[in-house]
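Everything on this sheet refers to the single structure shown next.
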Amino acid sequence: MINYGKQSIDQSDIDAVTSVLLSDFLTQGPVVGRFEQALCDYTGAAYAVACSNGTAALHLACLALGVSTGDRVWTVSNTFVASANCALYCGADVEFVDIDPDTFNLSVDLLAAKLEAAAKVGRLPKVLIVVHFAGESCDMKAVSLLANAYEIKVIEDAAHALGGSYLNEKVGRCRFADLTVFSFHPVKSITSAEGGAIVTNDASLYERAKCFASHGIEKRPDHFISPSTNRFYYEQQLLGYNYRLSDVHAALGFSQLKRLDSFILRREEIARLYREQLRGLDLRFQQLSDVAKSAFHLCTFVLDKSLRDRRDDFVNLMWKSNIAVGCHYIPVHTQPYYVSALGKSFSLPATQDFYSRCVSLPIYPSLSQSEQLSVCEVVRKSLQSLL
Ligand SMILES: *Cc1c(COP(=O)(O)O)cnc(C)c1O
């Protein structure tokens with residue numbers, strides 16, 4: 001079975017993990033800090049907080065920005081549920097902005113219109129979470145102009161986009177966002193098994209995120225509320241969580257980060273081959289921007305409108321040939337929890353239309369050229385048998 005994503009582990013990764021296992025610290029040792037510094041060096045951001053997974057990173061980003069009950073957080077529905085759940089964890093309300101049918105990313109025009117309408121009735125969001133779908137950056141310059149005009153904070157959910165860039169800077173540089181969030185789940189650009197991180201240029205957001213990630217506990221004497229000279233003393237200053245990354249996981253992430261650029265190059269080659277081989281068929285790939293470079297986390301296309309009702313048949317044919325294509329994403333707002341627990345309905349026609357036709361092809365660094373060509377062959381045959 002060829003899956004849509006898969007990790008690439010080599011001997012250097014195994015050696016890195018083994019050396020931590022044989023060291024004095026399995027967690028809260030020196031490796032997490034090294035990994036955080038490497039993430040800063042790679043992205044160009046000033047600060048990084050490594051944490052237990054991408055979902056925890058999203059939650060920490062919301063906590064750092066002070067999202068709480070009664071606040072509104074906007075995101076897209078064409079994403080993994082975690083992009084929206086993080087706001088609900090904080091007691092906020094979630095609303096969704098529809099996507100652009102060509103880029104499959106948040107539509108800046110619809111965002112502008114929704115902000116204008118919300119401003120009129122005093123229902124502006126506190127935070128906007130943009131998702132760089134499939135690793136292709138949103139138009140962050142335009143997003144940040146709107147965010148500044150309406151005084152809202154921006155989190156980039158870059159779970160797909162580590163290794164990608166925008167306006168010649170790495171995603172995570174945080175030039176157009178307050179915080180950027182990454183995931184190191186095995187299907188993502190690099191993996192630490194479970195793992196995630198936040199990067200930011202804002203010292204106070206960094207301090208808050210770091211504190212929330214470790215129970216809200218402060219250990220630095222010069223930051224105590226009640227000064228103490230006792231060596232054992234620490235203070236809980238916030239209601240935090242244990243969202244720390246272990247040194248074992250950080251060792252894997254740190255080792256993988258060294259090969260990130262080569263992973264992205266491999267992904268790009270695969271995406272190029274698919275686009276060339278499948279040209280002229282009844283499908284359309286994600287439109288890529290001239291000012292961004294995708295991290296090619298997913299290789300997603302939409303079937304022609306005429307095949308809307310045949311998407312599931314197409315996917316089943318692919319799976320029958322042992323190619324486990326994906327459908328990213330089941331719109332978050334249609335999940336039973338969102339429909340019944342939140343008791344709200346949303347009108348997101350572009351997201352719905354996209355979902356009815358989207359297919360994600362296998363893409364990961366170790367996918368061989370013969371596997372790629374056989375994926376293309378099965379796509380062609382499956383499309384033919386639908387006609
Ligand atoms: C994978 C993913 C997450 C969550 O990351 P985990 O590390 O699995 O918690 C969040 N948002 C998006 C868009 C993702 O793809």
Side-chain angles (χ1 to χ4, degrees), residues 3-7 35 39 48-63 73-90 94 96-97 99 103-106 127-138 140 154-164 171-172 177 179-199 209 212-213 241-246 249-250 252-253 256-257 263 267 286 294-300 326-333 335 337-338 351 354-355 358 360 363-364:
N3 235 313
Y4 85 86
K6 188 182 173 185
Q7 70 275 14
F35 183 38
L39 287 168
V49 182
C51 58
S52 44
N53 53 66
T55 305
L58 282 164
H59 188 193
L60 289 172
C62 288
L63 290 166
V73 173
W74 291 3
T75 186
V76 285
S77 184
N78 178 34
T79 185
F80 185 56
V81 292
S83 312
N85 287 348
C86 58
L88 301 183
Y89 297 157
C90 299
V94 176
F96 299 99
V97 184
I99 59 170
T103 66
F104 310 161
N105 262 328
L106 173 132
V127 172
L128 171 70
I129 302 177
V130 295
V131 179
H132 301 318
F133 181 82
E136 170 78 359
S137 176
C138 294
M140 290 308 294
V154 177
I155 298 170
E156 290 176 285
D157 179 344
H160 299 181
L162 178 64
V171 170
L179 300 134
T180 300
V181 167
F182 297 116
S183 162
F184 310 126
H185 181 278
V187 296
K188 308 292 166 76
S189 307
I190 62 167
T191 189
S192 62
E194 294 283 354
I198 286 178
V199 291
F212 274 117
Y241 301 80
N242 182 351
Y243 279 167
R244 291 187 307 258
L245 191 68
S246 80
H249 293 84
L252 180 54
Q256 288 252 306
L257 188 56
F263 289 161
R267 288 174 174 276
Q286 180 181 27
S294 179
F296 298 100
H297 167 61
L298 299 172
C299 190
T300 301
C327 293
H328 299 91
Y329 282 94
I330 303 163
V332 178
H333 75 282
Q335 292 289 354
Y337 179 80
Y338 278 77
T351 300
F354 170 81
Y355 175 60
C358 69
S360 301
I363 186 166
Y364 50 86

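One-based numbering, in listed order, for ligands and for the atoms of each. The analysis underlying the following values was restricted to heavy atoms, covering all of them including side chains, and did not include hydrogens, waters or symmetry mates.
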Short N or O contacts of ligand 1 with protein, under 3.5 Å, listed by atom name?
from	atom 1	to	atom 2	distance (Å)
ligand 1	5 (O)	Ser183	OG	3.3
ligand 1	7 (O)	Gly54	N	2.7
ligand 1	7 (O)	Ser183	OG	2.7
ligand 1	9 (O)	Gly54	N	3.3
ligand 1	9 (O)	Thr55	N	2.8
ligand 1	9 (O)	Thr55	OG1	2.6
ligand 1	11 (N)	Asp157	OD1	3.4
ligand 1	11 (N)	Asp157	OD2	2.8
ligand 1	15 (O)	His160	NE2	2.9
ligand 1	15 (O)	Lys188	NZ	3.0
ligand 1	15 (O)	Tyr329	OH	3.3

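Residues satisfying the side chain to side chain contact (heavy atoms under 4.5 Å, CB included) criterion with Glu194, sequence neighbours excluded, are Asn53. Applying the side chain to side chain contact (heavy atoms under 4.5 Å, CB included) rule to Thr300 yields the partners Phe104, Phe133, Leu298, Phe354, Cys358, Ser360; only residues at least two apart in sequence or on another chain are considered. Residues satisfying the side chain to side chain contact (heavy atoms under 4.5 Å, CB included) criterion with His185, sequence neighbours excluded, are Ser183, Val187, Lys188.
Annotation: the span from Ile99 atom CD1 to Ser77 atom OG amounts to 9.0 Å, rounded to 0.5 Å. Atoms OG1 and OH, on Thr55 and Tyr243 in that order, are 8.5 Å from each other to the nearest 0.5 Å.
Ring pair His249/Phe184: centre-to-centre distance not below 6.0 Å.
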